[in-house]
Student: 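First the structure, then my questions, so here it is.
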Amino acid sequence: MLIERKIQSEIEQNLFKGKIIAIYGARQVGKTTLVNQITSNHKNKKVFYLNCDEPKDREYLTDKTSTELKSLIGDSRLVVIDEAQRIANIGLTLKLIVDNYPSIQVIATGSSSFDLANKISEPLTGRKYEFYLYPFSMAELTQRYSKIELDRLMERQLVYGFYPEIINKPADAEANLREIAKSYLYKDVLQFLEIRNSDLLYRLLQALALQIGNEVSYNELADTLQIDKKTVQRYVSILEQAFVVYRLKPFGRNLRTELRKKQKIYFYDTGIRNALIDNLNPLNLRNDTGSIWENFLISERIKQLHTGFAYSKKFFWRTHQQQEIDYLEEQNGRLSAYEFKWNAKKAKKAAPKIFREAYPEASFKTITPHNYQKFINL
């Protein structure tokens, strides 16, 4: 059974409106499958497909005039450019197509926003719709499983994650997950950084994987890896733009004691995180279950917000005296605070007093395995 991605209907509603459709997401999250599903729903339109991982396909699109592009596309109405970040000056190429041939719909996918987004952003101002594809969300899996079945599967998926290959082939989950983590995940990062030895990048990812749920010190990471702080910052930024990790900033407005500088870093997929530290043990045999639960819930929340096209600012809160709240959202001026507890017996009934006094308008809720479904829109 094919699981339809939540963003598919929104993409299809925006086809043939004179703008480029740009779909960003890490490798192996299903971008090609999504595009194939979209094109299969438009069989009356002739489709022209280019896979830019292939050198010959890259050559077709590099430094071409509008006349050359039209000759290449022919009478196709739907043009798919897969892994478009591999094309030099792709933004100008796409601009030529959309400006000169507005009846042609182009769908460009990219497994890294740092390259594709930078190259298309300025030339395509006002000429594109952007969408983000992540590993499956729990909400998307309701197409295949009941909510009761998802509850039963949850502990396993917290360990193995939500990549389509993992969900669709559960018997081969461990081997496939390790392959994704080591061979595919940061291929574009290595190409962008122009480094052949991936050992440093891999050790950085392992260090980050061991720190989920904690504030990250770039100075400490630099000392551990024996590189300078700016290099660490650059690598983390690129990993974020390649949809491997994401950063959560500290929230602070009123109190001098609030943490302002350090950030938390999470992984978009808990399975990738667990594979990086070579620990795929079940949750009852782990000492990091609370951190995995926290990472899982925040990742699911991000998927939910993006697929629902809801904008909100995301933070964590902590004081220098170690009073903390795991996750905050600020949306339309409203502040919502959440604490994540795997053990429901440890659930907090209220935010720390100092937080309540500083932000009396904020709501607060503790999310546990007993009440998480509404939080992630199940």
Student: What pairs meet the salt bridge (Lys or Arg N to Asp or Glu O under 4.0 Å) rule with one or both residues in residues 4-24, with sequence neighbours excluded?
Tutor: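 Pairs touching residues 4-24 that pass the test: R5-E140.
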Student: Using the benzene-type ring in the case of Trp, are the ring centres of F316 and Y266 under 6.0 Å apart?
Tutor: no
Student: Going by heavy atoms in the side chains, are L15 and I38 under 4.5 Å from each other?
Tutor: yes
Student: Mark yes when over 12 heavy atoms from residues, nucleotides or ligands other than K45 sit less than 6.0 Å from its NZ; otherwise mark no.
Tutor: yes
Student: Are the aromatic rings of W293 and Y372 close, with centres under 6.0 Å apart?
Tutor: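 Yes: the rings meet the under 6.0 Å criterion.
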Student: Applying salt bridge (Lys or Arg N to Asp or Glu O under 4.0 Å), which residue pairs with at least one partner in residues 272-283 are found, sequence neighbours left out?
Tutor: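 Output for this query lists R178-D278, R273-D288.
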Student: Tell me, do I272 and Y163 make a side-chain contact under 4.5 Å, heavy atoms counted?
Tutor: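 In short, these two side chains touch, coming nearer than 4.5 Å.
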Student: Which residues pass the side-chain hydrogen bond (donor to acceptor under 3.5 Å, both in side chains) test with Y134, sequence neighbours left out?
Tutor: H306
Student: Is the backbone of L378 close enough, under 3.5 Å, to the side chain of K147 for a donor and an acceptor to pair up by distance?
Tutor: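 Looks like yes, one N/O pair under 3.5 Å.
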Student: Of all heavy-atom pairs between V35 and T109, which one has the smallest distance, and what is that distance?
Tutor: CG2-CG2, 3.7 Å
Student: Among all residues two or more places apart in sequence or in another chain, which pass the salt bridge (Lys or Arg N to Asp or Glu O under 4.0 Å) test with R58?
Tutor: none
Student: What residues form a salt bridge (Lys or Arg N to Asp or Glu O under 4.0 Å) with D172, not counting sequence neighbours?
Tutor: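 Checked D172 against salt bridge (Lys or Arg N to Asp or Glu O under 4.0 Å); zero matches.
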Student: Do D57 and R86 sit within salt-bridge range, that is, some charged N less than 4.0 Å from a carboxylate O?
Tutor: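 Here D57 does not pair with R86 in a salt bridge, since their nearest N and O are not under 4.0 Å apart.
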Student: State, with a plain yes or no, whether a side-chain heavy atom of L96 is found less than 4.5 Å away from one of K64.
Tutor: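 A side-chain contact under 4.5 Å is absent here.
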Student: Does Q304 offer a backbone N or O that forms a donor-acceptor pair with the side chain of N377 under 3.5 Å?
Tutor: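 Absent.
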Student: Applying side chain to side chain contact (heavy atoms under 4.5 Å, CB included), name anything that partners V236, two or more places apart in sequence or on another chain.
Tutor: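 For V236 the side chain to side chain contact (heavy atoms under 4.5 Å, CB included) partners, ignoring immediate neighbours, are L204, L208, Y218, V232, R247, I265.
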Student: Could R203 and D199 be called an ion pair, given the rule that one side-chain N must be under 4.0 Å from one carboxylate O?
Tutor: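 Salt bridge between R203 and D199, a charged N being under 4.0 Å from a carboxylate O: yes.
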Student: Quick check: are there more than 12 heavy atoms from other residues, nucleotides or ligands sitting under 6.0 Å from NZ of K314?
Tutor: yes
Student: Once side-chain hydrogen bond (donor to acceptor under 3.5 Å, both in side chains) is applied, do any residues pair with N168, and if so which ones, sequence neighbours excluded?
Tutor: R144
Student: For atom CD of E361, decide whether the heavy atoms of other residues, nucleotides or ligands shown that lie under 6.0 angstrom number more than 12.
Tutor: yes
Student: Rounded to the nearest 0.5 Å, how far does OG of S217 lie from CG of D223?
Tutor: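 Reported value, rounded in 0.5 Å steps: 8.0 Å.
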Student: Please lay out, stage by stage, how Y359 and F251 fare under the test ring-ring contact (aromatic ring centres under 6.0 Å, His included).
Tutor: CA-CA 11 Å; Y359 309 106; F251 177 85; 5.3 Å; yes
Student: For I148, does the CD1 atom sit with more than 12 other heavy atoms under 6.0 Å from it, leaving out its own atoms?
Tutor: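 No.
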Student: Which residues end up grouped with L210 if you chain together Ile, Leu, Val, Met, Phe, Trp and Tyr wherever their side-chain heavy atoms are less than 4.5 Å apart?
Tutor: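 Other cluster members: I277.
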Student: Do you know which two heavy atoms are closest between A350 and R356, and how far apart they sit?
Tutor: CB-NH1, 3.8 Å
Student: V159 and P282: which non-hydrogen atoms are nearest, and at how many Å?
Tutor: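 Minimum heavy-atom contact is CG2-CA, 4.3 Å.
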Student: Do you know the tightest heavy-atom contact between S76 and V47?
Tutor: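 In terms of heavy atoms, the two residues are closest at OG-C, 4.1 Å.
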Student: Under a 3.5 Å threshold, yes or no: a donor from one side chain and an acceptor from the other, between T270 and N274?
Tutor: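 No, no side-chain donor-acceptor contact under 3.5 Å.
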Student: List the residues meeting side-chain hydrogen bond (donor to acceptor under 3.5 Å, both in side chains) with E220, not counting sequence neighbours, and say none if there are none.
Tutor: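 Here no residue qualifies.
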Student: Do Y160 and E174 come close enough that some side-chain heavy atom pair is under 4.5 Å?
Tutor: yes
Student: Just verifying a value: how many Å separate L124 CG and K95 NZ, rounded to the nearest 0.5 Å?
Tutor: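 That separation rounds to 8.5 Å.
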Student: Can you find a side-chain donor-acceptor pair between Q85 and E83 that sits under 3.5 Å?
Tutor: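 Indeed, the side chains of Q85 and E83 share at least one donor-acceptor pair under 3.5 Å.
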Student: Does this structure show an ion pair linking E149 with R152, if we count only N-O contacts that are shorter than 4.0 Å?
Tutor: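 A salt bridge is absent here (no side-chain N lies under 4.0 Å from a carboxylate O).
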Student: For side-chain contact (heavy atoms from CB on, under 4.5 Å), just list the numbers for D82 and D53, CA-CA rounded to whole Å, side-chain angles, deciding distance to a tenth of an Å, and then say yes or no.
Tutor: CA-CA 8 Å; D82 216 354; D53 276 335; over 6 Å; no
Student: Hey, does the side chain of R286 reach the backbone of N279 with a donor-acceptor pair shorter than 3.5 angstrom?
Tutor: yes
Student: Looking only at heavy atoms, what is the nearest atom pair of E324 and P352, with distance?
Tutor: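 Where E324 meets P352 most closely, the heavy atoms are O-CG, 3.9 Å.
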Student: Write down the atom of A362, the atom of F355, and the distance for their closest heavy-atom approach.
Tutor: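 Here A362 and F355 meet closest at CB-CE2, 3.9 Å.
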Student: Answer yes or no: is there a side-chain heavy-atom contact under 4.5 Å between F48 and I104?
Tutor: no
Student: Not counting sequence neighbours, which residues clear side-chain hydrogen bond (donor to acceptor under 3.5 Å, both in side chains) with N36? List them please.
Tutor: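 Partners of N36 by the side-chain hydrogen bond (donor to acceptor under 3.5 Å, both in side chains) criterion come out as none, since no residue qualifies.
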Student: Is the shortest heavy-atom distance from the side chain of K70 to the side chain of N100 under 4.5 Å?
Tutor: no
Student: Does S111 form a side-chain contact (heavy atoms from CB on, under 4.5 Å) with K31? I'd like the steps, not just the answer.
Tutor: CA-CA 9 Å; S111 55; K31 298 187 301 296; 3.7 Å; yes
Student: When you compare the side chain of Y132 with that of K303, does any pair of heavy atoms fall below 4.5 Å?
Tutor: no
Student: Only one of I20, N51, L94 forms a side-chain contact (heavy atoms from CB on, under 4.5 Å) with I81, so which one is it?
Tutor: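 Exactly one option meets the side-chain contact (heavy atoms from CB on, under 4.5 Å) with I81, and it is L94.
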Student: Taking ring-ring contact (aromatic ring centres under 6.0 Å, His included) as the test, write out the residues that go with Y101, two or more places apart.
Tutor: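 Applying ring-ring contact (aromatic ring centres under 6.0 Å, His included) to Y101 gives none.
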Student: With sequence neighbours left out, write down each residue that passes ring-ring contact (aromatic ring centres under 6.0 Å, His included) with Y338, or none if nothing qualifies.
Tutor: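 So Y338 forms a ring-ring contact (aromatic ring centres under 6.0 Å, His included) with F375.
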Student: Check each of R301, R334, K365, K313 against E329 using the salt bridge (Lys or Arg N to Asp or Glu O under 4.0 Å) test, and report the only one that passes.
Tutor: R301
Student: If we only count heavy atoms from C-beta on, is the L153 to L141 side-chain gap below 4.5 Å?
Tutor: no
